[in-house]
Amino acid sequence: MRRPIIAGNWKMNKTPAEAAALVKELVPAVQNANCDVVVCVPAVCFSAVLEAAKGSNIRLGAQNMHFAKNGAFTGELSADMLSASGVTYVIIGHSERRQYFGETDKTVNLRTRAAVAAGITPIVCVGELKDERESGYTNAIVEYQTRMALTGLTQEEIKNVVIAYEPVWAIGTGLTATDEQANETIGVIRKAIEQSWGKEVADAVRIQYGGSMNPANVKGLMSQPEIDGGLIGGASLKAPDFTAVVMFDR
Ligand code: PGA
């Protein structure tokens, strides 16, 4: 049995004070969650979130990191810096980073490997564009992105990676993949992992759905056998909404 994992992706939202206030509301509300709970926050909020979440079941995540150990990369953060700041999860290859910041399957792979090497759990995002789905390329795209992202990792390392299947057309649009579409494509991703790294690895990897997941649709999505959790954007910014998603089984 894979333990579900629900992660909030705050994107470029919240000051440290706002972050602390949100997490303080979440702490008692999600303390009995039957899933892993993560908030991926702007780096300037790391210490405020860590302080507010102290002693709770809420884990700290980042939204990106560089793959180099250190060096002349103005504005970037390394895996070691994240780790030393209490970060235990990091989103890698979110579609907004692929779209606006030149992230490629190659750099997604480098970042994934650097996170794993530093002991940080990567949440690797894959997903097709609207026209790719309409042209029938969804499976080919997610299979390729997944295999590229995981290349060079050992089977044991891959077991601990989290994949987020996020159809790009469903992010921030209010459009959600149907429960069946999400389940089917996540099944395709799992099959690709099985073909490349074996069934034991594929059965262990947790694969989230992301894209307009919210209190109204979480139950249907989470009742699908392949879906192991969610990566939540908009609905992670308000405590009642994120709580309702995290406590989906109540
Ligand atoms: P959304 O974002 O829930 O606002 O669609 C999800 C994501 O981008 O991870």
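Atoms within each ligand, like the ligands themselves, are counted from 1 in listed order. Quick note: numbers below take in every heavy atom, side chains included, and nothing from hydrogens, waters or symmetry partners.
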Query raised in the report: Considering only heavy atoms, does I171 approach ligand 1 within less than 4.0 Å through its side chain, its backbone, both, or neither?
Result: both

Query raised in the report: Counting each atom of ligand 1 from 1 as listed, which ones have a heavy atom of K11 under 4.0 Å away?
Result: 2 (O), 7 (C), 8 (O)

**Report entry** Ligand-residue contact atoms, ligand 1 with L231, heavy atoms, under 4.0 Å
**Finding:** 6 (C), 9 (O)

**Report entry** Any pair counted as ring-ring contact (aromatic ring centres under 6.0 Å, His included), so long as it reaches residues 146-199, sequence neighbours left out
**Finding:** none

Query raised in the report: What about G233: any of its N or O atoms under 3.5 Å from an N or O on ligand 1?
Result: yes

Query raised in the report: Which ring-ring contact (aromatic ring centres under 6.0 Å, His included) pairs, counting each pair once, include a residue from residues 63-86, with sequence neighbours left out?
Result: H66-F73

Report summary line: If you scan protein heavy atoms around atom 4 (O) of ligand 1, the nearest is G234 N, 2.8 Å

Query - Carboxylate-amine/guanidinium contact D105 R98, below 4.0 Å - result: yes

Query raised in the report: Could K130 and E134 be called an ion pair, given the rule that one side-chain N must be under 4.0 Å from one carboxylate O?
Result: yes

Query raised in the report: Hey, which of L237, V49, V41 is the one that makes side-chain contact (heavy atoms from CB on, under 4.5 Å) with K14?
Result: L237

Query - I92: which of N109, I123, T112 passes side-chain contact (heavy atoms from CB on, under 4.5 Å) - result: T112

Query raised in the report: Numbering the atoms of ligand 1 from 1, which are under 4.0 Å from a heavy atom of A170?
Result: 5 (O)

**Report entry** Greater than 12 external heavy atoms within 6.0 Å of K159's NZ
**Finding:** yes

Query raised in the report: Do the charged groups of D80 and K69 touch, with an N to O distance under 4.0 Å?
Result: yes

Report task. For the pair K191 and E143, find out whether any cationic side-chain nitrogen is under 4.0 Å from an anionic carboxylate oxygen. Result -> no

**Report entry** Which of the ligand 1 atoms, numbered from 1, are nearer than 4.0 Å to a heavy atom of S212
**Finding:** 1 (P), 3 (O), 5 (O)

Query - ligand 1 to E166 polar contact by distance, N or O atoms, under 3.5 Å - result: yes

Query - Sub-4.0 Å atoms of ligand 1 with respect to non-hydrogen atoms of G172 - result: 1 (P), 4 (O), 5 (O)

Query raised in the report: Just going by heavy-atom distances, which of Q208, M213, H94, E96 is nearest to atom 8 (O) of ligand 1?
Result: H94

Query - Residue-ligand contact A235/ligand 1, heavy atom below 4.0 Å - result: no

Query raised in the report: Does ligand 1 have an atom that lies less than 4.0 angstrom from a heavy atom of G211?
Result: yes

**Report entry** ligand 1 contact by C125, heavy-atom criterion under 4.0 angstrom
**Finding:** no

